[in-house]
Amino acid sequence: MSQISLRNVSKKYGDGFPAVKDIDLDIKDGEFVILVGPSGSGKSTVLRMIAGLEDITDGDLFIDDERTNDKAPRERGLAMVFQNYALYPHLSVFENMAFPLRLARHKRPDAEIKEAVNKAAELLELTEHLDRKPANLSGGQRQRVAMGRAIVREARAFLFDEPLSNLDAKLRGQMRTEISRLQRRLGITTVYVTHDQTEAMTLGDRVAVLRRGELQQVASPRELYEQPVNLFVAGFIGSPPMNFVPGRVTDGKIELPFVDLKLPEKLSGAIEGRDGDVLVVGIRPEQFEDASLVSEDQRDKGTEFEVTVDVTEWLGNELYIYVPFEPEESVRQTLIELDRELDGGGLRTQLVAALDAQSRVREGDKATLWFDSGRVQVFDPETGANLTRDDEVAAALGEEQEQLRQEALERGRSGAVEHGKAGAVA
Amino acid sequence: MSNLSTRERVLWIVAALVIALYALFPVVWIVSLSLKAPSDLANSQFLPTQVSFENYRLILVGEARDLFLPALRNSVIVSLASTFLAVVLATFAAYAIARLDFPGKRVILTTALAVSIFPVISIVTPLFDLWRIIGLYDTIPGLVIPYLALTLPLSIWVLSAFFREIPWELEQAAQMDGATTWQAFRKVIVPLAAPGVFTTAIIAFFIAWNDFVFGISLTSTDAARPVPAALAFFTGASQFEAPTGAIAAASVVVTVPVVILVLIFQRRIVSGLTSGAVKG
């Protein structure tokens, strides 16, 4: 149980490549923080600097207000779960989990070690596998052993480095809930690296989005989704990703390729004094509706337009439709670059809409789409800044999340005591 | 083998038998020779007419004893010493090469390779002169040092290949678990590299144990002369009689430890390979 603070932390590799630039991050006691970003964003490097496996080039790392930059990994008292589990193949499951306890630093009597390991094994449903070697376990079991090794000792914090990326989709979902439950129950500060945004959105109390070694935004998943600070965060969070449609501001309206968008009162401040500029309008795929399925009074609040559907994908619970469009030449390059950065192919600009599965729109059809003009976001293509972000709403979302976290932690901790499983494990 | 047809299986067995016979024939012949009485030696028969332990008596307690036993002692000491040193040094060197990034790493590896393909005979004469000047001629260290030059390069190559296969995460995991660098090396890396270490040890031991060129050139008395060289100094009962029987007996005596060694280590190597399963 610890708080971890990074102050202006940077990492430069030997060849001068700056992997991490000037990161400031405060992780509270018992908080679950996710580091997320596309490949090469430096998220793993940040985690490994906290762990001590990577030197910090510049800046300070504090664990519980103690500067830890120069401490060896073993002196930091953190437990880490690696992407490939890093189980000791020559030791049994029991010995793998007992390993940290057997080292001189945490030396304990045998009976105590046995108790701690058995308790952790029970928690992770590994009791019947204790005598087996890691090579004979399934992927999910190995993953649990790796977690068991982390929880047997009284670690100050857990570090996870993409722990679920080697599992298949179904197991990944199960383990995700398992990790979430475990973290709440133990109430241990956790830093979790992933490139999977489902994990980021579901697990984290707060999510830190990184881009090329720079921190973009640290916020609750909800705030990231609804109030992203810039184009990058908006494009990274959400699947399918947010549509970015360029449009020129004329007479208080934005001319999109399909339709003129009139922003409602509360958002109109964003385009004030920008007549003639080209801005990027972000609309999430699920904000589109098939106009024929929208009730009359709703329709007035939004914008309607007609498109020719190129491709459809029917998923049972929703229907994706794709509509290619030609973006304004001046922002085309920005959009293509952004797509590349987000690990996309930078192929073509198209609109993706996630419609209700009941929609009868078919490929090649002309369809009328509707979206709520009050929920769009407007970005400056030069700086990437979100012009429609509402700091007050964002702050409220942050507070709400913090309160939820405290409650969940409280519940988890009291629950753990009730079940009599806190003891040596927690 | 279960999915082979009967025909294929027979062919495999026949092929295996042929190879085994080919490899074992000289060994059996030597054993048979060593058990022949002196009168039997030239009788052009494969098997001795009567099993006699006269040759073994000769080298172990008889007249050839003073020639053979010191040589055996020298061989054991020299081989064990050079094996031990080679394995220890190569383990550290290979670990550094596999894990650390330091200038000159490639140079070390290429030099090692160059040394191991260097023709041995060409360094014997300079070594002979040098050893005589600095007083290493006809001493045990005088043999151990050149053997190290032969065994180290090979050991470093074999071991660094083994170390490279061990994921670095394992060590980092150990460090996160609270191990010092040394503990991580000893408790995680060494056990995992054990099959490699044993393989290296066997190779290094054989190179030293089998060597003749250095053994004969760099020694002059039984202060350091190893068995392969000493065999050349065996004499018959009279100057008209070849010491074939005694040499055969001595050969058998020096072959036995090697066979035992292989049997012991082979089990370790096989078990190490199957339970290793380094892949996460």
Side-chain angles (χ1 to χ4, degrees), chain A residues 13-15 47-48 50-54 71-92 95-108 132-137 139 142-143 145-146 149-150 152-155 157-161 163 166, chain B residues 91 95-106 159 161-201 265 267-280:
Chain A
Y13 281 110
D15 54 4
L47 188 80
R48 295 168 64 83
I50 297 175
L53 297 173
E54 208 70 79
K71 287 203 167 171
R74 70 196 163 89
E75 290 166 334
R76 302 190 185 193
L78 309 172
M80 182 154 167
V81 175
F82 290 80
Q83 182 174 0
N84 63 3
Y85 321 134
L87 301 179
Y88 310 122
H90 58 298
L91 300 177
S92 66
E95 284 303 323
N96 259 285
M97 286 165 59
F99 190 85
L101 304 177
R102 291 211 191 280
L103 295 166
R105 202 175 154 73
H106 310 275
K107 194 96 184 164
R108 308 255 195 85
R132 297 169 73 185
K133 288 272 171 69
N136 304 325
L137 299 178
R142 288 182 205 180
Q143 170 60 47
V145 177
R149 194 170 60 186
V152 284
R153 69 200 170 97
E154 289 153 17
F158 288 162
L159 309 176
F160 289 90
D161 190 0
N166 285 358
Chain B
T91 305
Y95 181 73
I97 284 167
R99 282 288 184 266
L100 307 178
D101 223 2
F102 55 89
K105 187 163 125 177
R106 285 190 62 85
L159 276 173
F162 256 89
F163 282 135
R164 267 195 212 109
E165 297 227 329
I166 300 173
W168 203 335
E169 274 91 356
L170 282 182
E171 248 181 295
Q172 294 176 336
Q175 284 182 27
M176 292 304 297
D177 283 344
T180 59
T181 314
W182 173 245
Q183 278 174 321
F185 179 71
R186 195 170 52 86
K187 295 198 172 191
V188 176
I189 301 303
V190 171
L192 288 178
V197 172
F198 285 120
T199 314
T200 313
F265 279 142
R267 188 165 297 168
R268 287 302 299 266
I269 290 168
V270 171
S271 77
L273 285 178
T274 49
S275 80
V278 171
K279 209 155 185 262

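As the structure is a prediction and not an experimental result, all values here were calculated from the model.
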- Can you tell me how far CG of A/Leu103 sits from CD of B/Gln175, rounded to the nearest 0.5 angstrom? 11.5 Å
- Note on the structure: When every non-hydrogen atom of A/Arg153 is compared with those of B/Met176, the smallest separation belongs to NH2-O, 2.7 Å
- Supply the atom-to-atom distance A/Arg102 CZ to B/Asp177 CG, rounded to the nearest 0.5 angstrom. 13.0 Å
- Heavy-atom proximity to chain A below 4.5 Å, by part of B/Thr180: both
- How far apart are the closest heavy atoms of A/His90 and B/Pro191, and which atoms are they? CD2-CB, 3.5 Å
- Task: Pick one of side chain, backbone, both or neither for A/Ala72, based on which atoms fall under 4.5 Å of a heavy atom in chain B.
- Result: neither
- Item | Residue pair B/Lys187 / A/Leu91, side-chain heavy-atom distance below 4.5 Å | no
- A/Arg48 vs B/Gln172 side-chain heavy atoms within contact, under 4.5 Å: yes
- A/Arg149 and B/Ala173 have their tightest heavy-atom pair at NH2-CB, 3.6 Å
- Query: Where does A/Tyr88 contact chain B at under 4.5 Å (heavy atoms): side chain, backbone, both or neither?
  - Reply: both
